[in-house]
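Note that the coordinates shown come from a computational prediction; the quantities given were computed from them, not determined experimentally.
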Amino acid sequence: FDFFSISFNEELVALYGGSLERQTTFVHACIKVILKLYKDQKVAPCSVAIVGHSMGGIIARALFTLPNFKPTLISLIITQATPHVAPVLLVDSYLKDFYTTVNNYWILKE
C-alpha cells in the first residue's frame, strides 16, 4: 500500500466555511493526481481510501457534493474526531451552508 498525506498547516477551517470549500476542491484534485501516478501499471487502482481527522472528515464527506465528482474515486472513508452533525462553533453563514449541503447529501443518500 502507498500512503499520501494532505496537510493544510493547521489552517483554522473550523471557523470559516469558505476555507472548507477550497480545501475540498483541492483534495479532489489531489485524488485525481494520485490515481494518475498509477495509470501505467498493469493493475492500476481506480479509487482511494481516505482517513480524515477532525475537519478532514467533513472534507472527505463533502467531496461527494462537488460538481463532476465521481463517487467511485473513494472506496472507504474513515473519520476521527470529526464533528459530523454540526460545527463545534458556528461563526459564519458559509460554515452553516457547507454543513447543510454535506449533511443533506448524505441524509438523502440513505
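- Residues I77 and V51 are not in side-chain contact: their nearest non-hydrogen atoms beyond the backbone lie 4.5 Å or more apart.
- Taking hydrophobic clusters as Ile, Leu, Val, Met, Phe, Trp and Tyr residues chained together by side-chain heavy-atom distances below 4.5 Å, I78 does not share a cluster with V102.
- Looking only at side-chain heavy atoms (C-beta outward), T101 and Y105 stay at 4.5 Å or farther from each other.
- At least one side-chain heavy atom of I31 sits under 4.5 Å from a side-chain heavy atom of I50.
- A 4.5 Å side-chain heavy-atom check between T24 and F64 finds every atom pair outside the cut-off.
- Both I59 and I6 are part of a single hydrophobic cluster, where members link through side-chain heavy atoms under 4.5 Å apart.
- Annotation: side chain of D92 is in contact with side chain of Y16 (closest heavy-atom distance under 4.5 Å).
- Here the shortest heavy-atom pairing between A86 and P83 reads O-CB, 3.5 Å.
- A single hydrophobic cluster is not seen to contain both L63 and Y94; linkage of ILVMFWY side chains at heavy-atom distances under 4.5 Å, directly or through other members, places them apart.
- Shortest non-hydrogen contact noted between G17 and F98 is O-CD1, 4.4 Å.
- Pairing each heavy atom of A44 with each of Y38, the nearest pair is CB-O, 3.1 Å.
- Between S47 and L73 there is no side-chain heavy-atom pair separated by less than 4.5 Å.
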Between Q23 and M55, does a side-chain contact (heavy atoms from CB on, under 4.5 Å) hold up when you go through it step by step?
CA-CA 10 Å; Q23 289 182 359; M55 299 308 282; over 6 Å; no

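- For the residue pair H53 and T82, no side-chain donor N or O sits within less than 3.5 Å of a side-chain acceptor on the partner.
- The CG atom of L95 sits 10.0 Å away from atom CD of E21, with the distance rounded to the nearest 0.5 Å.
- Between atom CD1 of residue I74 and atom NE2 of residue H28 there is a gap of 8.5 Å, rounded to the nearest 0.5 Å.
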Given the rule in the side-chain contact (heavy atoms from CB on, under 4.5 Å) test, do T25 and F69 qualify, once you have shown the distances and angles that lead to the verdict?
CA-CA 10 Å; T25 301; F69 178 76; over 6 Å; no

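- By the criterion of side-chain heavy atoms lying less than 4.5 angstrom apart, applied directly or through intervening Ile, Leu, Val, Met, Phe, Trp or Tyr residues, F26 is grouped together with I58 in one hydrophobic cluster.
- Atom NZ of K70 and atom CG of L35 lie 10.5 Å apart (nearest 0.5 Å).
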Evaluation steps, side-chain contact (heavy atoms from CB on, under 4.5 Å), between F8 and V27
CA-CA 10 Å; F8 293 106; V27 170; 4.0 Å; yes

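- At a threshold of 4.5 Å between non-hydrogen side-chain atoms, the residues P87 and Y99 count as touching.
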